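Below, chains carry the letters A, B, ... as their sequence lines are ordered, and counting in each starts from 1. Nothing here was measured: the structure is a model prediction, and the numbers come from that model.
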Amino acid sequence: MATLFRPAERWRNRALILFALVLFFFALVLPFGMAVLWSLVDPSHPWAYPNVLPPVLSFRRWVEIWTTTGLQQALVNSYTVALTVSIATILLALPTAFAFGRMEFRGKAAAQVLTLLPLAMPLFVLAIFYVTILSKLGIYSRFLGIAIGHTVCLLPYAIRLLTVSFSGVRQDLIDAARDLGASRLTVFRHAYLPVLKPGLLAALIIVFILSIEEFAISYIVGAPDFTTVPTILFSYLGYNFIRPSAAAVSLILVVPNVLLMLIAERLLKSAGASGAAGKG
Amino acid sequence: MSSRRTLAPYLLLIPGLAPIIVLMTLVIGMAVSQSVTWTDVSGKVSLSLEAWRVTFESDQFWRAFLYSARIGTLGAILSVAFAYPVALWLRRPFAGSDLVSALIKAPILVHGLVAAFLYVNFVSFQGFLNVALVGLGLAARPIRMQNDPYAIGVVVLQVWKNMPLAFLILSGSVRAISDDVLNAARDLGAGTFGRLRRVVLPLTLRSLQAALIIIFIGAAGDYTFQAVAGPTSLNSMAQFMVRMETDNGLQGVSLAAVVAVMLMGLSLCGSILLAGLMQFLVKRAGR
Amino acid sequence: MFKKAALFVLAAALPLAAAEGSASAKDLNQMSWDEIVAQAKQEGNISWFQWYYQDRLREDVKAFETEYGIKVTLSNGDYKANQDKLIAEKSRPEGDIDVMSIGGGALATFKPEELFFGPLKPLLPEGGKLRYNIEGVDNKGYAPAFWGNQTAIAYNSARITEAELPHTLDDFVAFMKKNPGEFGFNTENGGSGPAFIESVARNIVKDDDYNNGATTPEKLAKLAPVWDWFKANKANYVITASNNDSVSRVNSGEFKLVASWEDLIASLQNKGEVSKDVKVYIPDFGMPGGGNVVAIPANSKHKAAALVFINWLTSGKTQTQFAKSYGIAPQNPDADSSAGLIPAAQRKFSTLWVAKPFGDDIKKTFVSKVTLN
């Protein structure tokens with residue numbers, strides 16, 4: 001493909017790539033570098049006026065944050081909620097996505113628009129009135145409250161991703177398997193599963209990450225004692241603002257998400273590939 | 001048998017669609033009904049438009065309303081304006097294009113709160129920006145940029161976080177334009193700009209609108225960026241709503257409900273206006 | 001496979017959601033202290049709703065946990081959320097809160113005998129020695145004080161000398177004119193900024209009824225000159241985001257002066273977060289001081305354990321240690337008094353907090369009349 005580009009265009013591309021790299025450096029590398037530096041400020045040597053750089057660096061703060069902030073409990077809460085939510089969301093989304101991806105029926109377009117409703121709802125509005133509803137129903141379990149809230153709000157993502165997967169399943173494969181007298185299970189295993197699997201896993205991971213990241217519902221429903229990772233971070237940015245500690249918590253929040261998202265993207269790519277092959 | 005056939009898709013819709021519709025109806029119903037009830041000093045609840053009257057007469061409410069509308073509009077338009085040229089540039093792969101698109105998408109992996117912290121840290125008194133300004137002799141003393149009164153910080157954060165989202169939405173539709181269509185346009189004598197106006201823009205209109213709407217709704221309903229990096233002299237709608245609820249005792253829920261209904265209204269009207277504006281502009285450009 | 005996993009998760013989550021109730025067979029009032037301790041150990045755990053320093057207190061309560069084998073869980077909620085939860089849960093037969101920290105003055109806003117278990121005064125072995133009358137509110141023995149503190153003005157001595165410090169309201173106006181943007185205070189996330197606002201109010205409108213918690217429109221209307229004072233100087237001061245934001249910004253040299261807490265500065269200095277250059281003083285027009293109390297909600301599931309914990313928290317030993325590490329004014333007469341950061345001669349400027357809820361309404365009115373206008 002590269003031969004298609006004229007030399008002038010090639011130089012322009014190179015200049016633009018360089019510009020993108022510089023921008024990336026200032027928008028991401030530098031801020032993260034600053035956060036790393038702050039998180040390494042030694043707890044007994046303040047970084048104060050007029051020091052331009054922290055006087056002493058150490059890993060002590062990381063150890064302290066890990067052992068004293070309740071971060072461990074928050075991680076447990078976040079991850080159990082996210083696991084419950086991602087499984088529940090996928091189970092609920094599967095039948096609906098099947099209908100959208102493999103069936104034609106009256107009102108399909110309208111129904112698809114309706115599934116997007118939670119995306120159009122400002123999350124703080126949802127959270128505040130959702131809490132009122134929960135207390136009217138007498139549901140005091142914050143775990144259940146947050147899990148239900150997340151499940152409903154993340155259903156649109158799961159339905160959308162799985163719809164694409166279902167529509168990528170090749171009808172001729174299904175027909176061929178049926179003609180050969182394959183059982184339903186065999187049809188599912190050979191015609192559906194290979195195409196569905198990457199989309200399924202990607203949906204699982206994306207819902208998982210979005211649940212961990214969700215702030216409004218976790219904050220309002222979970223307050224004050226059911227903490228998730230974002231609510232801890234919010235308290236470190238507000239009432240309990242101690243910059244070096246906030247830096248450490250921020251970094252702890254970012255790493256697992258980056259890893260999971262990279263996996264999800266890889267899966268989505270292969271889902272896209274098999275989906276495209278399905279059309280051939 | 002055939003009735004079972006026709007019913008089947010609708011039955012399949014229930015598990016996915018019913019929870020959404022039930023919860024959304026409950027929440028909207030709760031907000032609207034609370035907004036038209038009023039608890040008086042003695043604790044008596046009655047049907048009344050008092051909460052609407054009080055809210056509409058409050059200057060602070062209108063300032064929050066306009067502020068959120070402004071942040072939403074600016075965030076959406078700037079994000080899309082930055083993402084669109086990049087999506088066009090990366091339409092055809094070249095050496096290094098994968099790298100660039102990975103770099104652009106990176107902020108999606110960073111939680112909004114982390115981004116807000118990084119930003120505040122970056123512009124703070126001891127932050128890199130100030131150290132650099134003073135170090136280069138551009139400023140005698142560090143400049144106060146945290147929680148700036150013009151909400152530049154909030155807009156920067158919105159664009160930082162949403163530009164990659166706009167890029168994702170737009171690049172899909174830009175790539176879907178086939179080379180045949182573009183070549184045909186070129187053969188008919190359209191220049192680069194002409195092809196953009198007559199072919200590319202109309203074909204990507206839908207995703208431009210989708211990106212604008214999604215970003216507008218998110219930015220207009222923002223709470224965290226505003227709470228961490230926004231001006232202290234202004235409230236966003238979400239912030240104002242939470243404050244109304246907590247600061248007003250028995251009447252708090254009704255007042256918050258009015259703000260909630262107005263915020264939903266803002267999201268809806270803003271989305272329609274932005275989408276309409278985009279359509280108008282693209283049609284104009286195509287002439 | 002997914003179904004199985006989902007069922008598993010549900011099965012694991014449901015018991016967590018349901019309360020594990022433990023009915024106290026015998027009334028705590030009729031038990032000896034040893035019996036209470038035995039019962040406490042059986043209960044085995046408490047959750048303490050505390051709104052600041054949760055991370056450091058988690059370290060401190062380890063001593064209690066090893067001594068009694070009772071696990072203490074500290075929540076991460078903020079003050080407002082904790083108090084909302086206490087009120088929201090009061091009609092539940094069993095709530096989640098076992099020990100509740102609350103500002104001493106806030107007890108004027110609700111009836112302790114309705115919300116709390118007690119009075120604790122006769123139940124605690126050292127109950128007679130402890131303090132129940134704080135910030136102008138007598139809670140009738142329901143909630144002993146465990147934390148005494150004083151608001152103050154903090155300054156960065158690397159940027160301003162002691163001689164330049166403003167001491168009267170006129171000094172402050174002159175200081176702000178000469179040093180625009182060098183004085184900061186918060187309105188949200190902490191009481192130090194609101195303390196400064198109250199102090200200005202007390203000094204500009206001297207005849208309002210500050211010791212009566214009731215709010216009337218007339219009392220608020222009387223404060224108009226206070227809002228005028230703040231509006232007139234608005235260009236010259238900065239509203240910060242929280243207590244801690246003020247401190248970190250005075251520490252970085254961004255401000256010369258901020259409203260703050262004596263114990264906040266002391267504890268952050270002991271921890272090494274804040275430079276020793278940051279010092280505190282009380283201006284001549286006074287700043288409020290007071291303290292926080294702990295109580296046991298009436299619907300607590302672990303009352304005996306909560307009682308044993310409060311006894312530990314208010315003991316001379318713990319209070320001495322808190323005075324050392326957090327710079328608090330200890331609330332047990334057996335404790336060694338804190339050295340404190342404020343010069344002794346200025347202690348006389350310490351005032352009462354404006355009685356609540358009027359005090360809260362002063363802050364709310366400030367936000368709507370001054371900051372958001």
Side-chain angles (χ1 to χ4, degrees), chain A residues 1-2 4-5 13 16-17 20-21 24 27-28 30-32 34-35 38 47 52 91-93 95-99 103 105 111 114-115 117-126 128-130 132-133 151-152 155-156 159 213 215-216 230 233-234 237-238 243 246-247 250 253-254 257-258 261, chain B residues 6 8-10 12-13 15-17 19-21 23-24 26-27 30-31 34 89 92-96 99-100 103-104 106-114 116-119 121-122 126-128 131 160 214 217 220-221 223-224 227-228 238 241-242 245 253 256-257 260 263-264 267-268 271:
Chain A
M1 286 295 273
L4 286 173
F5 292 92
N13 278 341
L16 283 171
I17 290 176
L21 282 172
F24 178 75
L28 259 161
L30 209 57
F32 266 108
M34 290 285 300
W38 268 105
W47 181 3
V52 175
L91 289 179
L92 290 174
T96 306
F98 179 83
M103 292 170 141
F105 53 94
L114 277 179
T115 58
L117 261 180
L119 302 182
M121 172 71 80
L123 276 174
F124 261 83
V125 171
L126 184 107
I128 282 197
F129 293 96
Y130 178 54
T132 329
I133 295 167
T151 303
V152 174
L155 265 172
I159 293 177
E213 294 209 336
F215 174 71
L233 182 57
F234 188 71
L237 295 180
R243 188 173 310 223
S250 299
L253 179 59
V254 164
N257 279 9
V258 171
M261 201 66 136
Chain B
T6 46
Y10 301 104
L12 287 170
L13 286 187
L17 201 52
I20 293 178
I21 292 176
L23 187 70
M24 294 300 132
L26 277 176
V27 165
M30 187 65 98
Q34 296 274 17
W89 174 40
R92 283 188 298 165
F94 54 84
L99 174 73
V100 175
L103 295 186
I104 290 168
I108 291 185
L109 306 179
V110 181
H111 193 275
L113 276 167
V114 175
F117 168 73
L118 292 179
Y119 174 80
N121 199 19
F122 194 69
Q126 282 166 293
F128 177 83
V131 171
W160 189 89
I214 287 181
I217 292 173
Y223 180 93
T224 42
V228 176
M241 175 177 71
V242 174
E245 205 210 356
V253 188
L263 177 53
M264 291 191 275
S267 303
L268 189 69
S271 306

Let me know if [X] has heavy atoms under 4.5 Å from chain A in its side chain, its backbone, both or neither.
X         : answer
Phe128(B) : both
Ala257(B) : both
Tyr10(B)  : side chain
Ile21(B)  : side chain

[X] versus chain B, heavy atoms under 4.5 Å apart: side chain, backbone, both or neither?
X         : result
Ile159(A) : side chain
Leu123(A) : neither
Leu126(A) : both
Ala216(A) : neither
Phe98(A)  : side chain
Phe215(A) : side chain

For the interface with chain A, which of [options] has the highest count of heavy-atom pairs at distances below 4.5 Å?
options                                   : result
Ile108(B), Leu17(B), Ile217(B), Ile20(B)  : Ile20(B)
Val253(B), Val110(B), Ile214(B)           : Val110(B)
Ala31(B), Ala106(B), Ala238(B)            : Ala31(B)
Ile104(B), Val27(B), Asn121(B), Leu109(B) : Asn121(B)

- Message: Could you check whether any side-chain heavy atom of Pro230(A) comes within less than 4.5 Å of a side-chain heavy atom of Glu213(A), counting everything from C-beta outward?
- Response: no

- Query: Is there a side-chain contact between Phe32(A) and Val254(A), using heavy atoms and a 4.5 Å cut-off?
  - Reply: yes

Please report the closest heavy-atom contact between [X] and [Y], naming both atoms and the distance.
X         : Y         : result
Ala220(B) : Leu263(B) : O-CD1, 3.7 Å
Val125(A) : Met121(A) : CG1-SD, 4.2 Å
Met264(B) : Pro122(A) : CG-CD, 4.2 Å
Val152(A) : Pro19(B)  : CG1-O, 3.9 Å
Leu118(B) : Ala35(A)  : CD2-CB, 3.6 Å

- Message: Trp38(A) vs Gln126(B), test: side chain to side chain contact (heavy atoms under 4.5 Å, CB included). Steps then yes/no.
- Response: CA-CA 11 Å; Trp38(A) 268 105; Gln126(B) 282 166 293; 3.6 Å; yes

Counting heavy-atom pairs closer than 4.5 Å to chain B, which one of [options] comes out on top?
options                         : result
Ala97(A), Ala93(A), Ala120(A)   : Ala120(A)
Thr132(A), Ile128(A), Leu119(A) : Ile128(A)
Pro156(A), Pro31(A), Ala111(A)  : Pro31(A)
Leu233(A), Leu117(A), Leu237(A) : Leu237(A)
Leu16(A), Leu21(A), Thr151(A)   : Leu16(A)

- Item | Full working for side chain to side chain contact (heavy atoms under 4.5 Å, CB included) between Leu23(B) and Phe129(A) | CA-CA 10 Å; Leu23(B) 187 70; Phe129(A) 293 96; over 6 Å; no

- Worked verdict on Phe94(B) versus Val100(B) for side chain to side chain contact (heavy atoms under 4.5 Å, CB included): CA-CA 10 Å; Phe94(B) 54 84; Val100(B) 175; 5.5 Å; no

- Rounded to the nearest 0.5 Å, the CG atom of Leu13(B) sits from the CZ atom of Phe105(A) at a distance of 4.5 Å

- Task: Give the intermediate values and the outcome of side chain to side chain contact (heavy atoms under 4.5 Å, CB included) for residues Val228(B) and Phe117(B).
- Result: CA-CA 7 Å; Val228(B) 176; Phe117(B) 168 73; 5.8 Å; no

